[in-house]
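Below is one structure, written out as structure tokens; the observations come after it.
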Amino acid sequence: VTTVNRGCVIWFTGLSGAGKSTLSTALAGSLRMSGRSVEVLDGDEVRTHLSAGLSFSKEDRDINVRRIGFVARLLAKHGVTAITAAISPYRLVRDEIRAACVASGISFIEIYVFCPIETLTARDVKGLYKRALAGEIERFTGVSDPYEPPLAPEILVDSSRESPQESLNKIVSFLRDIGCN
Ligand code: ADX
């Protein structure tokens with residue numbers, strides 16, 4: 001009897017618009033090309049299904065992020081590479097999910113997608129920063145709600161200085177080094 005190879009959990013965290021979704025999609029494509037089973041759990045998407053109806057209060061964000069962690073860990077247990085892309089603003093919850101993964105023998109790779117708030121506000125792809133700064137959206141992460149950056153992420157990318165391709169290369173080579181590719 002051979003045991004199923006455990007997958008890993010690749011956890012993107014960072015502010016809205018920093019590039020988590022873009023990188024997670026690109027990474028998923030790259031891992032699939034090398035024959036991996038991959039699932040992406042994207043914050044925006046999870047909030048329309050698994051977490052429909054949740055708000056952006058601290059309590060609801062914690063519920064949302066714990067759900068994502070729970071599903072990611074289940075997938076990884078069965079050999080799937082689970083990639084998550086939610087803001088996941090609170091360090092304690094991210095670390096709790098990391099601990100649960102490690103306890104199940106699953107590698108947890110935290111990727112902090114950094115981007116200065118000035119750049120995000122200037123880019124404002126979804127127009128949300130403008131509205132948040134105008135006070136039209138309450139509790140907007142990075143503007144009127146906290147974001148706690150990881151203290152020791154496995155990978156740090158800076159989307160204001162790196163192209164998506166450069167960030168992706170960095171991630172892929174890290175995963176190759178630890179055998180999670
Ligand atoms: S999390 O905090 O619970 O991890 P999640 O990643 O699911 O957040 O959702 C973030 C997305 O919701 C943002 O990219 C943005 O499009 C949208 N959004 C709407 N309201 C807010 C808000 N108050 N704070 C942050 N993001 C918001």
Side-chain angles (χ1 to χ4, degrees), residues 8-28 38-76 81-101 106 108-160 162 164 167-168 171:
C8 52
V9 172
I10 302 175
W11 193 278
F12 285 95
T13 176
L15 295 177
S16 178
K20 301 181 299 298
S21 299
T22 304
L23 286 173
S24 62
T25 307
L27 178 62
V38 184
E39 278 301 334
V40 178
L41 297 160
D42 185 81
D44 279 324
E45 206 181 324
V46 167
R47 278 179 173 275
T48 66
H49 302 284
L50 188 61
S51 287
L54 291 186
S55 75
F56 289 90
S57 67
K58 181 181 188 303
E59 292 70 27
D60 278 5
R61 287 182 199 261
D62 285 351
I63 293 170
N64 178 45
V65 172
R66 285 195 174 105
R67 282 181 187 168
I68 293 172
F70 179 78
V71 176
R73 191 159 55 88
L74 285 186
L75 288 167
T81 299
I83 304 176
T84 73
I87 297 176
S88 44
Y90 296 105
R91 197 176 289 140
L92 197 72
V93 177
R94 293 194 307 266
D95 286 347
E96 171 194 301
I97 296 163
R98 173 191 290 275
C101 285
I106 294 160
F108 182 91
I109 297 113
E110 191 174 31
I111 306 177
Y112 178 26
V113 185
F114 170 79
C115 187
I117 192 83
E118 296 75 24
T119 309
L120 293 171
T121 314
R123 279 188 201 156
D124 209 5
V125 186
K126 300 180 196 165
L128 294 174
Y129 283 94
K130 189 165 171 273
R131 292 178 52 209
L133 288 163
E136 291 165 23
I137 307 175
E138 295 184 325
R139 300 166 181 253
F140 197 80
T141 310
V143 175
S144 44
D145 214 54
Y147 177 76
E148 301 173 352
L151 299 176
E154 276 72 16
I155 308 173
L156 168 67
V157 302
D158 180 343
S159 66
S160 71
E162 299 162 24
S167 303
L168 182 66
I171 296 165

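On a predicted model such as this, the values are computed, not experimentally measured, just so you know. Counting convention: from 1, in listed order, for ligands and their atoms alike.
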Ion pair present between Lys126 and Asp44, side-chain N to carboxylate O less than 4.0 angstrom? yes
For a quick test of your reading: what N or O donor-acceptor pairs under 3.5 Å do the side chains of residues 128-138 make, sequence neighbours left out?
from   : atom 1 : to    : atom 2 : distance (Å)
Tyr129 : OH     : Ser16 : O      : 2.6

Could you pull out every protein residue that has a heavy atom closer than 4.0 Å to ligand 1, ordered by chain and then number? Ser16, Gly43, Asp44, Arg47, Phe56, Arg61, Asn64, Val65, Ala86, Ile87, Ser88, Pro89, Lys126, Leu128, Ile137, Glu138, Arg139, Phe140, Thr141
Here the salt bridge (Lys or Arg N to Asp or Glu O under 4.0 Å) pairs for residues 89-99, sequence neighbours left out, are Arg66-Glu96, Arg94-Glu110, Arg98-Glu110, Arg98-Glu154
Here the salt bridge (Lys or Arg N to Asp or Glu O under 4.0 Å) pairs for residues 46-59, sequence neighbours left out, are Lys58-Asp62
On a heavy-atom basis, which atom in Asn64 and which in Ser51 lie closest, and how many Å separate them? OD1-OG, 2.9 Å
Side-chain H-bond candidate by donor/acceptor type, Arg61 with Thr141, under 3.5 Å: yes
